[in-house]
Amino acid sequence: MFRIKNLIRSGSGLARLKHTLVVVEHDNQKLSQITLNTVTAATKIPKNETVTCIVAGTECGKIAEEVSRIAGVNKVLVVDDANLNGFLPETVAPVLVDLQKKNNFTHIAFGSSAFGKNLMPRVAALLDVQPVSDIVGFDDENTFVRTIYAGNAIQTVRSKDPIKIFTVRGTAFEAAKTGSSSAAEVASAEITAKGSDQAIFVNQQLAKSDRPALNAAKVVIAGGRGLQNGENFKILYDLADTMNAAVGASRAAVDAGYVANDLQIGQTGKIVAPELYIAVGVSGAIQHLAGMKDSKTIAAINKDPEAPIFQVADLGLVGDLFKEVPVMTKMLKENK
Ligand SMILES: Cc1cc2nc3c(=O)[nH]c(=O)nc-3n(C[C@H](O)[C@H](O)[C@H](O)COP(=O)(O)OP(=O)(O)OC[C@H]3O[C@@H](n4cnc5c(N)ncnc54)[C@H](O)[C@@H]3O)c2cc1C
């Protein structure tokens, strides 16, 4: 009976229904925004039947309850184990492999964040399948759309693997709604995590900020080498405060030590797509554009009228940032 329920006839024979696992990213206290985008992506996989979320962590019951109220989630499985402290891929990956062996999902989705990028290829290797990174869409349930060459070409890839394993670009999918009044079933995955003899979690240093997170902010203001030093970033923070904006940076600004590298936007940093992106003293190198060119409106302030950023900017101001930015801040404050 079970077999009949789980098989459907397709033109070429018997095809399995599609069941997707979403790997939840969290820190045991707070759910990561990218999980919501990943759930939406999972619900959009053609022919997908169910979305199951796995919450693996230490004392992560609160997160499991929160995940059960995300729209589109059918079931939440939980592995609550002290050995998962620090979310090391060496300890989390075998848990996901055990889960896959028990549940036989057709698709496994991760957010394309440092957590997902770290874990996904290891899981794929253990299951002996080819993963697909940073997808932005689907053509069908086997065919994924992703970008290559720093976002300058779009590649469509068909996977012949029995299990499709991929990371999802957060900015390419809306966030799923949270706080639904009806909750999905939450159950123990009945899997234990083993400690790793390859790595142990020692500690972490997190950058503290009162501003919105870069990947969730509606407005992002990015500073480049044109700012000249870290102190001068204050003029961007003053502007950001008038618009509840997040502040980001180019790699040149990070490499020069003006700001911490978790603020870097671009190919080797974060990918953002806010309503408004304001590039200040940023030339617009291809590797920077890879991280922000899907923003709804792009504005640029640069003293060089030939700067490549003006080719992607909807609004451009040729001028000295040290003069123009404080004027903008003053005008915005006056008009509040
Ligand atoms: C493999 C690889 C990966 C990379 N990944 C990234 C990445 O993820 N993100 C990223 O950003 N870069 C990345 N880069 C680096 C990238 O190629 C550029 O070097 C970098 O983006 C340049 O940063 P910038 O625009 O701040 O500096 P610059 O190119 O030096 O530009 C500074 C701009 O400020 C303007 N300016 C100066 N003074 C003023 C002023 N007073 N008022 C107004 N404008 C002023 C100048 O006209 C200039 O256009 C990568 C490079 C490589 C090779």
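Both counts, for ligands and for their atoms, begin at 1 and track the order of listing. On a predicted model such as this, the values are computed, not experimentally measured, just so you know.
Of the N or O atoms in A253, none lie within a sub-3.5 Å distance of an N or O in ligand 1. At a 3.5 angstrom cut-off on N or O pairs, G281 counts as close to ligand 1.
For atom 44 (N) of ligand 1, a protein heavy-atom neighbour is found at a distance under 4.0 Å.
Looking at every heavy atom in both residues, C53 comes nearest to V39 through SG-CG2, 4.2 Å.
Nearest protein neighbour of atom 36 (N) of ligand 1, counting heavy atoms only, is G226 CA, 3.8 Å. Ranking the protein heavy atoms by distance from atom 31 (O) of ligand 1 puts S283 CB, 3.3 Å first. Closest to atom 2 (C) of ligand 1, if we only count protein heavy atoms, is R251 NH1, 3.5 Å. The protein heavy atom nearest to atom 53 (C) of ligand 1 is Q287 NE2, 3.8 Å. At the top of the distance list for atom 30 (O) of ligand 1, counting protein heavy atoms only, stands R225 NE, 2.7 Å. Of the protein's non-hydrogen atoms, L321 N, 2.9 Å is the one closest to atom 42 (N) of ligand 1. Nearest non-hydrogen protein atom to atom 23 (O) of ligand 1 is A252 CB, 3.2 Å.
Distances from ligand 1 to the non-hydrogen atoms of G269 include at least one value under 4.0 Å.
Closest to atom 20 (C) of ligand 1 by heavy atom, among A285, G248, A249, is A285. Compare H288, Q264, Q267 by their heavy atoms: the one nearest to atom 11 (O) of ligand 1 is in H288. Among N302, L289, D304, the residue whose heavy atom sits closest to atom 49 (O) of ligand 1 is N302. The closest heavy-atom contact to atom 8 (O) of ligand 1, among the options V325, V280, D320, T268, comes from T268.
N37 and T40 are not linked by any side-chain donor-acceptor pair at a separation below 3.5 angstrom, with hydrogens and angles left out of the test.
The backbone N or O of E141 lies less than 3.5 Å from a partner atom in the side chain of H107, making a donor-acceptor pair. Of the possible donor and acceptor atoms, none in the side chain of N142 sits under 3.5 Å from a partner among the backbone N and O of R158. At distances below 3.5 Å, not a single donor-acceptor pair connects side-chain atoms of S295 with backbone N or O atoms of T297.
Taking 4.0 Å as the cut-off between side-chain N and carboxylate O, E90 and R122 count as a salt-bridged pair. We find that R211 and D241 are joined by a salt bridge, their nearest charged nitrogen and carboxylate oxygen being less than 4.0 Å apart.
If you look at I265 next to ligand 1, the close heavy atoms, those under 4.0 Å, all belong to the backbone.
Shown are K117, R169, R146; of these, the side chain to side chain donor-acceptor pair (under 3.5 Å) with D134 is made only by R169.
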Under the criterion side-chain hydrogen bond (donor to acceptor under 3.5 Å, both in side chains), I'd like the reasoning laid out for S180 against R69: C-alpha separation, chi angles, the key distance, then a yes or no.
CA-CA 5 Å; S180 155; R69 294 181 186 278; 5.9 Å; no

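Close approach to F322 involves these atoms of ligand 1, each under 4.0 Å from a residue heavy atom: 41 (N).
V51 and L36 fall within the same hydrophobic cluster, defined by Ile, Leu, Val, Met, Phe, Trp and Tyr side-chain heavy atoms under 4.5 Å apart, directly or through other members.
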